[in-house]
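Shown next, in structure tokens, is the structure this report addresses.
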Amino acid sequence: MSLSAKIKGAVDKAFTAAGDLVKTATLSNTTATSYDFAKGKTISTSKSETVSIIMLDTKSSNEGIKITAILKSGVNLDVYDVIKVDSVEYRMADYSDNGYSIDVTLLRSL
């Protein structure tokens, strides 16, 4: 077994061991694709994906509520702009993917 496979297995074990700290989150993005001049409406498409997330740290800042969280690697966060956890929507301010896990900074306005 390669070292990479062992690390991925350890991340899976960590998410399993975290138990009720692991929450289900929905990543989503809506993109305007065209404009219907006859109806006066924007035509858009939506994309969403469900992932597991562990929310670690919550801080207040001048930007609002700032939360540090971890996701398993394998999701392209570049195509999403919103993440919803427990019916609360957050913007993704920053993230770092090391190939095994993703550290993400979430923001929610006050």
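Note: hydrogens, waters and symmetry copies are ignored here, and every other heavy atom, side chains too, is used.
Remark: Leu77 CG to Met92 CE distance equals 5.0 Å, nearest 0.5 Å. In this structure, the separation between NZ on Lys84 and CG on Leu106 is 14.5 Å, given to the nearest 0.5 Å. The CG atom of Asp103 sits 7.0 Å away from atom CG of Asn98, with the distance rounded to the nearest 0.5 Å. Atoms OG1 and NZ, from Thr30 and Lys47 in turn, are 12.5 Å apart once rounded to the nearest 0.5 Å.
Distance alone, capped at 3.5 Å, places no donor-acceptor pair between the Asp86 side chain and the Val88 backbone. Side chain of Asn29 to main chain of Val79: a donor-acceptor pair is present (N/O by atom type, distance under 3.5 Å, no hydrogens or angles).
One hydrophobic cluster holds both Ile67 and Tyr80 under the rule that ILVMFWY side chains link at heavy-atom gaps under 4.5 Å. Hydrophobic clustering, with ILVMFWY side chains joined whenever heavy atoms are under 4.5 angstrom apart, keeps Tyr95 apart from Leu56.
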Side chain to side chain contact (heavy atoms under 4.5 Å, CB included) assessment of Ser28 paired with Val82: CA-CA 5 Å; Ser28 64; Val82 174; 3.9 Å; yes
Where do Ile102 and Ser96 land on the side chain to side chain contact (heavy atoms under 4.5 Å, CB included) test, with the steps shown first? CA-CA 6 Å; Ile102 302 171; Ser96 172; over 6 Å; no
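Here the side chains of Leu27 and Val51 are in contact, with some heavy-atom distance below 4.5 Å. A 4.5 Å side-chain heavy-atom check between Glu49 and Thr26 finds every atom pair outside the cut-off. Residues Tyr35 and Lys41 have side chains not in contact (no heavy-atom distance under 4.5 Å, counting atoms from C-beta outward). In this structure the side chain of Ile53 reaches within 4.5 angstrom of the side chain of Ile83, judged on heavy atoms.
Each of Val104, Val85, Thr105 was evaluated against Tyr90; a single residue qualifies, Val85, per the side chain to side chain contact (heavy atoms under 4.5 Å, CB included) test.
Between Ser73 and Asp97, the side chains place a donor N or O and an acceptor N or O closer than 3.5 Å (distance only, hydrogens not considered). Side-chain contact of Tyr100 with Asp12: a donor-acceptor pair under 3.5 Å is absent, judged by distance alone.
Closest of all the heavy-atom pairs between Glu89 and Arg108 is O-CG, 3.9 Å. Counting all heavy atoms, side chain and backbone alike, Phe15 lies closest to Ile70 at CZ-O, 3.7 Å. Nearest heavy atom pair, residue Ser52 against residue Leu71, reads O-CD2, 3.2 Å. Taking each heavy atom of Leu107 and Ala93 in turn, the nearest pair found is CD1-CB, 3.5 Å.
Within a 6.0 Å sphere centred on NZ of Lys8, heavy atoms belonging to other residues, nucleotides or ligands number 12 at most.
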